[in-house]
Amino acid sequence: MIGLLTLGTSPREDLENVISPIISQDHLLLQGALDNLSKDEIVALCDIPGNYPLFVRTVYGSFTIQREALLPLLTNKAKEMGGMGVKAIILLCSGDFEPFSTEIPLMIPARLVEGGAKSIAKKGDIGIIVPVADQVPAAEARWRRAGFNPIMMDVNPTTADAEEIVKSLEPHFLEQIVLDCIGYSPELQKELSQRFGLPVWLPLTLAARVVTDLYPEIRTDPDA
């Protein structure tokens with residue numbers, strides 16, 4: 001069993017529908033860090049200060065919550081999932097996280113994407129698409145620390161329009177693009193790749209494929 005840990009609440013059928021062609025549905029267990037919290041309790045989290053805002057989807061709607069407010073809840077839920085028999089956990093967020101305390105492997109998609117982007121970078125010109133404007137400064141600083149020259153854009157994953165992205169990023173002569181949120185779709189990735197003729201990174205599918213390399217028995221297609 002592979003744990004899927006989302007920042008918000010479960011269910012997240014949209015994310016499971018992206019992962020299940022790669023990891024068999026029979027091997028997936030999705031939980032949310034904010035499961036069992038009331039709307040008032042979630043709203044209160046929004047008031048906790050921090051320096052890395054994250055886009056969080058819940059059954060009550062979407063919120064911007066600081067990483068520092070989420071980290072204790074994520075840690076507790078990861079420990080809880082470890083007791084449910086999961087082999088490893090994929091953190092369903094592409095934000096910048098240090099590994100937090102778990103007894104089982106924790107896959108952090110941000111680290112995979114950054115490593116992949118570095119492996120093919122030449123000049124370092126990269127398009128970074130984040131879900132909310134509040135996230136732009138922290139995400140830009142993170143990618144600059146990693147050695148890139150990021151061109152930033154904020155696009156809501158639920159209303160993402162490829163044409164808008166193309167118009168905004170096309171003049172910048174980029175080497176690659178990162179859809180820097182778990183909520184962006186493979187369909188958007190495919191359309192942008194075709195329009196730009198560039199590598200376009202999608203953290204969710206990348207993490208799922210890496211996990212199936214580590215645990216081949218969980219693949220949807222055993223012969224893949």
Side-chain angles (χ1 to χ4, degrees), residues 2-19 28-81 86 89-102 106-114 128-143 152-160 178-186 188-189 201-208:
I2 298 299
L4 305 176
L5 176 53
T6 180
L7 303 188
T9 59
S10 60
R12 286 296 305 270
E13 292 183 3
D14 57 323
L15 302 182
E16 289 188 284
N17 289 342
V18 172
I19 293 175
L28 295 176
L29 173 67
L30 189 145
Q31 302 269 300
L34 307 187
D35 284 350
N36 303 320
L37 268 64
S38 68
K39 183 177 181 180
D40 287 344
E41 289 172 320
I42 293 173
V43 169
L45 290 175
C46 299
D47 295 329
I48 297 175
N51 56 22
Y52 200 94
L54 293 165
F55 179 74
V56 180
R57 287 178 60 179
T58 77
V59 293
Y60 306 108
S62 298
F63 300 88
T64 299
I65 303 176
Q66 297 290 336
R67 176 183 57 189
E68 291 79 2
L70 291 167
L71 192 54
L73 297 163
L74 287 164
T75 302
N76 289 340
K77 182 59 70 171
K79 289 179 179 178
E80 181 182 321
M81 294 175 77
V86 301
I89 295 173
I90 300 175
L91 178 63
L92 297 183
C93 178
S94 63
D96 187 18
F97 278 87
E98 292 295 323
F100 42 88
S101 179
T102 63
L106 173 70
M107 185 72 68
I108 299 177
R111 295 188 164 205
L112 296 175
V113 174
E114 184 179 312
I128 304 295
I129 302 174
V130 296
V132 289
D134 288 348
Q135 207 169 314
V136 167
E140 181 176 6
R142 166 195 155 200
W143 283 98
M152 305 300 298
M153 184 177 184
D154 62 279
V155 177
N156 189 312
T158 61
T159 58
V178 176
L179 293 171
D180 205 0
C181 176
I182 287 294
Y184 294 119
S185 70
L188 179 63
Q189 178 196 31
W201 297 95
L202 189 65
L204 181 55
T205 52
L206 176 62

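Quick note: residue numbers are just sequence positions, from 1.
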Worked verdict on Leu91 versus Met107 for side-chain contact (heavy atoms from CB on, under 4.5 Å): CA-CA 6 Å; Leu91 178 63; Met107 185 72 68; over 6 Å; no
Evaluate the side-chain proximity of [Y] to [X]: yes if any heavy-atom separation is below 4.5 Å, no if none is.
X: Val132; Y: Pro53; result: no
X: Phe97; Y: Leu71; result: yes
X: Asp154; Y: Gln135; result: no
X: Ile182; Y: Thr6; result: no
X: Ile128; Y: Val130; result: yes
X: Thr205; Y: Ile19; result: no
X: Leu106; Y: Ile108; result: yes
X: Leu204; Y: Leu92; result: yes

Hey, is the main chain of [Y] close enough, under 3.5 Å, to the side chain of [X] for a donor-acceptor pair?
X: Thr58; Y: Gly8; answer: no
X: Tyr52; Y: Gly95; answer: no
X: Gln31; Y: Leu5; answer: no

Once rounded to the nearest 0.5 Å, what's the spacing between atom [atom1] of [X] and atom [atom2] of [Y]?
X: Leu29; Y: Ile2; atom1: CG; atom2: CD1; answer: 10.5 Å
X: Phe55; Y: Thr64; atom1: CZ; atom2: OG1; answer: 7.5 Å
X: Ile42; Y: Ile65; atom1: CD1; atom2: CD1; answer: 6.5 Å
X: Leu179; Y: Leu206; atom1: CG; atom2: CG; answer: 12.0 Å
X: Asp47; Y: Gln66; atom1: CG; atom2: CD; answer: 11.0 Å
X: Ser94; Y: Leu54; atom1: OG; atom2: CG; answer: 8.5 Å

Of all the heavy-atom pairs spanning [X] and [Y], show the shortest one and how long it is.
X: Leu7; Y: Cys93; value: CD1-SG, 3.6 Å
X: Gly183; Y: Leu15; value: CA-CD2, 4.5 Å
X: Ala160; Y: Leu188; value: CB-CD2, 3.7 Å
X: Asn36; Y: Glu41; value: O-OE1, 4.2 Å
X: Asn156; Y: Tyr184; value: C-CE2, 4.4 Å

Do we see a donor-acceptor contact under 3.5 Å between the side chains of Trp201 and Asp180?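 Short answer, no.
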Can Asp40 and Ser38 be counted as having a side-chain donor-acceptor contact under 3.5 angstrom?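 Their side chains do not contain a donor-acceptor pair, so the 3.5 Å distance test is not met.
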Could you point out which residue of Leu34, Ile48, Thr75 forms a side chain to side chain contact (heavy atoms under 4.5 Å, CB included) with Leu70?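 With Leu70 as partner, side chain to side chain contact (heavy atoms under 4.5 Å, CB included) holds for just one option, Leu34.
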Salt bridge (charged side-chain N to carboxylate O under 4.0 Å, His left out) pairs, two or more places apart, involving residues 55-74: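 Only Asp14-Arg57 qualify under salt bridge (charged side-chain N to carboxylate O under 4.0 Å, His left out).
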Should Ser10 and Asp35 be marked as a side-chain hydrogen bond (donor to acceptor under 3.5 Å, both in side chains) after you check the CA-CA gap, both sets of side-chain angles, and the distance that decides it? CA-CA 7 Å; Ser10 60; Asp35 284 350; 2.8 Å; yes
What I want to find out is whether Glu114 reaches Arg111 closely enough, with some N-O distance under 4.0 Å, to be called a salt bridge.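 Salt bridge flag = no for Arg111 with Glu114.
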Could you go step by step and tell me if Leu4 and Leu28 meet the side-chain contact (heavy atoms from CB on, under 4.5 Å) rule? CA-CA 7 Å; Leu4 305 176; Leu28 295 176; 3.9 Å; yes
